[in-house]
There are 2 protein chains.
Amino acid sequence: MTNRPTTTTEKPQRATLRDVATLAGVSEISVSRVMRNAPNISDGLRERVMDAANTLSYTPNRLAGALKNQSSNLVAVVLPSMSNDVFSTVLDGIDAVLDEHGLNAVLGLSEYDRDRELRVVRDLLSWSPMGIILTGLHHDETVAGMIAQLDIPVVQIMETEGRPLGSAVGMSHTKAAETAADFLFAKGYRRFGYIGAWSERPNRSRARRLAFEARLASMGAPLVAATILEERSSALAGSAATADLRARHPEIDCIFYANDDLALGGLFHALAEGIDVPNALGLMGFNGIGTGKATPLPLSSIQTPRYEIGAMAARLILRDPGEADRVVDLGFEIFEGGTT
Amino acid sequence: MTNRPTTTTEKPQRATLRDVATLAGVSEISVSRVMRNAPNISDGLRERVMDAANTLSYTPNRLAGALKNQSSNLVAVVLPSMSNDVFSTVLDGIDAVLDEHGLNAVLGLSEYDRDRELRVVRDLLSWSPMGIILTGLHHDETVAGMIAQLDIPVVQIMETEGRPLGSAVGMSHTKAAETAADFLFAKGYRRFGYIGAWSERPNRSRARRLAFEARLASMGAPLVAATILEERSSALAGSAATADLRARHPEIDCIFYANDDLALGGLFHALAEGIDVPNALGLMGFNGIGTGKATPLPLSSIQTPRYEIGAMAARLILRDPGEADRVVDLGFEIFEGGTT
DNA sequence: CGGCTAATTGACAACGTTACCAATTCGGAT
DNA sequence: ATCCGAATTGGTAACGTTGTCAATTAGCCG
């Protein structure tokens with residue numbers, strides 16, 4: 001390797017600074033300085049280097065640069081799941097901002113499992129990312145320790161109620177649930193049901209339900225019944241759970257769902273059964289996904305700013321190192337729709 | 001840095017092999033061999049090293065290892081978009097298999113833009129990934145050149161008709177469209193419409209439409225009209241486009257959509273207008289997403305194996321280096337549903 | 001032309017790990 | 001106790017780039 005040929009017509013070989021330098025007739029350091037756009041470079045040198053680099057299809061070896069710098073332009077992104085489009089929209093937002101700044105996301109999925117998250121975080125941190133985006137505010141202490149050891153920016157997404165490890169961006173799930181309770185109560189509903197799934201992973205789903213229940217109780221309309229499915233959310237599961245809940249509690253006049261997938265299922269069930277929505281039964285979801293805007297009765301829902309959460313998370317990662325950590329509450333909106 | 005203290009209570013410092021070696025009283029090389037599970041290590045050594053590593057919360061610096069090896073355990077994943085749940089499901093499959101083998105995905109989104117894809121690929125390749133997953137079979141020649149230079153496995157996903165750069169996994173979009181045409185014709189439909197979106201990005205969407213048209217023509221039932229929207233797919237867009245197409249061509253008795261989002265919109269429109277589906281109007285989508293299973297009339301659709309495509313792509317990346325490249329056609333299924 | 005200053009280019013050593021092979025230790029047989 | 005072979009441990013130099021500072025060059029002024 002120390003006497004590598006400057007041109008080779010055999011097995012393809014990745015060009016290095018040395019190859020470009022030889023072809024351009026300059027030092028490796030000059031090639032490096034041109035490629036990273038360092039200041040004080042003559043036009044002549046720049047041109048000779050760029051010509052040589054293009055001729056050799058040179059791409060920098062980021063491993064080497066990151067090792068020397070003890071930092072990379074990777075951002076570790078730990079999401080719980082890609083199984084619905086909530087986090088695909090978040091990831092879209094993250095990638096959009098990272099890409100604008102020449103950074104790449106290296107991805108791990110925790111599947112809402114604490115031990116797996118610990119492992120995923122450890123794996124991703126081994127790449128010396130310049131920052132890490134975690135989902136939710138509750139993690140194993142070891143996760144916090146590992147991140148602290150690297151002293152890199154950490155942004156936690158989706159929730160704002162609690163003590164973040166660094167910065168956080170999301171919304172108040174408690175307030176969202178209370179607002180939903182108020183909204184539905186003001187619509188005249190009095191006998192409420194709730195449908196959740198996947199054993200209330202994540203915790204913020206449970207927090208929403210508890211806040212919803214407490215708010216209703218405080219208004220004198222205690223929750224009639226809640227169904228928490230063990231399976232993951234889906235429209236099919238929501239449809240079946242709605243049928244079951246109403247069979248067991250026909251007095252229920254309104255159901256709040258943990259998310260829109262479940263709520264869409266409830267709506268489809270109601271449409272199929274000829275149930276008078278919203279008059280005999282109100283239905284409200286959570287997230288405000290696109291499909292729910294097009295249903296015959298647009299789905300009432302808490303509209304959550306998922307793309308913006310992702311984009312803001314990336315911006316918080318990218319902020320000036322001297323800037324203090326902060327918690328950004330992006331709020332939510334009520335999408336009134338037609339099902340309540 | 002050459003005389004770093006072995007313990008520090010100041011700014012957190014990432015532990016290195018040297019730190020662990022000092023604490024364990026062995027060489028750095030022994031620590032390395034323990035951490036990478038090399039053979040022929042005594043239990044005693046292993047225990048001393050693991051104790052020291054755990055005490056110091058040592059995580060390997062993968063940058064260094066990858067630089068030495070001229071390869072990493074990253075897999076570059078270039079997807080066109082995260083804006084619908086097709087690719088989130090694919091990514092789910094990819095991550096599941098990579099994770100089983102201790103690899104991480106580093107992600108780039110091309111937004112169906114050729115120049116952007118070129119840039120994204122270049123960025124991701126600078127991490128010396130051990131493999132790369134691209135979407136579709138058509139890419140700028142420079143992309144092919146860059147990948148060839150690195151001599152790493154490449155897997156292209158979603159399509160199987162054409163010359164892949166390495167291996168490919170997907171399905172035949174031509175055959176899917178022809179099968180849809182046959183299926184709908186056999187159902188008795190004779191006057192067809194087609195609705196696509198986003199100016200038929202990607203090409204395989206266009207290929208499906210052309211094959212659908214050709215098949216209908218060969219059966220004597222030429223396509224009455226096609227609408228190709230400029231905007232991205234959504235249920236709302238599908239709903240509006242369905243209304244528009246039927247207003248301009250009320251004789252149409254069946255519409256085939258580029259994907260399920262559009263088709264769901266068409267179905268919602270039909271439900272809202274009291275159109276007799278499937279008797280007066282048949283509707284068929286593409287992808288077989290979960291929401292379409294729960295609608296009052298389950299959506300007829302070509303069921304595509306998106307998770308399996310992702311998982312197989314990762315397996316093809318991981319196959320033995322000596323194993324020949326191959327094209328894996330995972331096929332598709334007709335989900336009959338209730339809308340045709 | 002010479003001297004001085006600013007701009008530009010290049011040298012050095014570092015980053016943390018690992019493949020390969022050498023050196024050392026251990027265990028068994030005589 | 002000694003010797004030999006196997007098992008185990010450790011040394012070397014390499015990977016490709018970059019921050020810092022030294023060396024060199026270029027430009028300007030008298």
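Just so we're on the same page: letters track the sequence lines, and every chain starts at 1. The figures here come from the full heavy-atom set of this structure, side chains too, leaving out hydrogens, waters and symmetry mates.
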Protein-nucleotide distance (A:Asp19, atom CG; D:dC15, atom P), rounded to Å = 11 Å

query = Should B:Leu91 and A:Leu91 count as side-chain neighbours, where that means a heavy-atom distance under 4.5 Å?
reply = yes

Candidates D:dG16, D:dT9, D:dT17 - which lies nearest the side chain of A:Leu67 = D:dG16

Protein-nucleotide distance (B:Asn40, atom CG; C:dC26, atom P), rounded to Å = 15 Å

inquiry  = With a 4.0 Å cutoff (strictly under), does any side-chain N or O of B:Asn61 reach OP1 or OP2 of C:dG16?
reply    = no

ask   = What integer distance in Å separates B:Leu45:CG from C:dT25:P?
value = 14 Å

ask   = Just to confirm, is there a sub-4.0 Å distance from OP1 or OP2 of D:dT9 to any side-chain nitrogen or oxygen of B:Ser42?
value = yes

key: Donor on one side chain, acceptor on other, B:Arg14 and A:Ser128, under 3.5 Å   = yes

key: Sugar-phosphate only, base, or nothing, as touched by A:Arg33 at under 4.0 Å among non-hydrogen atoms   = base

message = Nearest whole Å is fine: how far is D:dT8 P from B:Arg46 CZ?
response = 10 Å

task = By nearest nucleotide on DNA chain D, pick out whichever of B:Lys68 and B:Val31 is the more 5' one.
result = B:Val31

message = Would you say A:Tyr58 places a side-chain N or O within less than 4.0 Å of OP1 or OP2 belonging to D:dG16?
response = no

ask   = When we call it a touch if two heavy atoms are under 4.0 Å apart, what does A:Leu63 touch: a base, just sugar-phosphate, or nothing?
value = nothing

message = Could you walk me through whether B:Arg306 and B:Asp92 satisfy the salt bridge (charged side-chain N to carboxylate O under 4.0 Å, His left out) test, starting with their C-alpha distance in whole Å, then the side-chain angles of each, then the deciding distance to 0.1 Å, before giving a yes or no?
response = CA-CA 9 Å; B:Arg306 302 182 297 288; B:Asp92 214 2; over 6 Å; no

Residue A:Ile29, side-chain heavy atoms: nucleotide from C:dT18, C:dA11, C:dC15 that is nearest = C:dA11

task = Assign B:Ile41 to base, sugar-phosphate, or nothing according to its heavy-atom contacts below 4.0 angstrom with the strands shown.
result = sugar-phosphate

inquiry  = Could you tell me how far apart A:Leu17 (CG) and C:dG10 (C1') are, to the nearest whole angstrom?
reply    = 13 Å

inquiry  = Just by distance, no angles: are the side chains of A:Asp140 and A:Thr142 close enough, under 3.5 Å, to form a donor-acceptor pair?
reply    = yes

request  = Please determine if a side-chain N or O atom of B:Ser27 lies less than 4.0 Å away from the OP1 or OP2 oxygen of D:dT9.
outcome  = no

ask   = Between A:Ser126 and B:Pro60, what is the shortest heavy-atom contact and its length?
value = CB-O, 3.2 Å

ask   = How many angstroms lie between CD1 in B:Ile309 and CD1 in B:Ile94, if you round to the nearest 0.5 Å?
value = 10.0 Å

task = Could you tell me the separation between the CD atom of B:Glu28 and the P atom of C:dA14, rounded to a whole number of Å?
result = 14 Å

query = B:Asn69 side chain N/O closer than 4.0 Å to the phosphate oxygens (OP1, OP2) of C:dA19?
reply = yes

message = For a quick test of reading the model: is some side-chain N or O of B:Arg62 closer than 4.0 Å to OP1 or OP2 of C:dT17?
response = no

remark   = From CZ of A:Arg36 across to P of D:dG16 the rounded distance in Å is 17 Å

ask   = With a non-hydrogen cut-off below 4.0 angstrom, is A:Ser32 in contact with a base, only sugar-phosphate, or nothing?
value = base

request  = Provide, to the nearest angstrom, the distance between the CD atom belonging to B:Glu47 and the C1' atom belonging to D:dT8.
outcome  = 17 Å

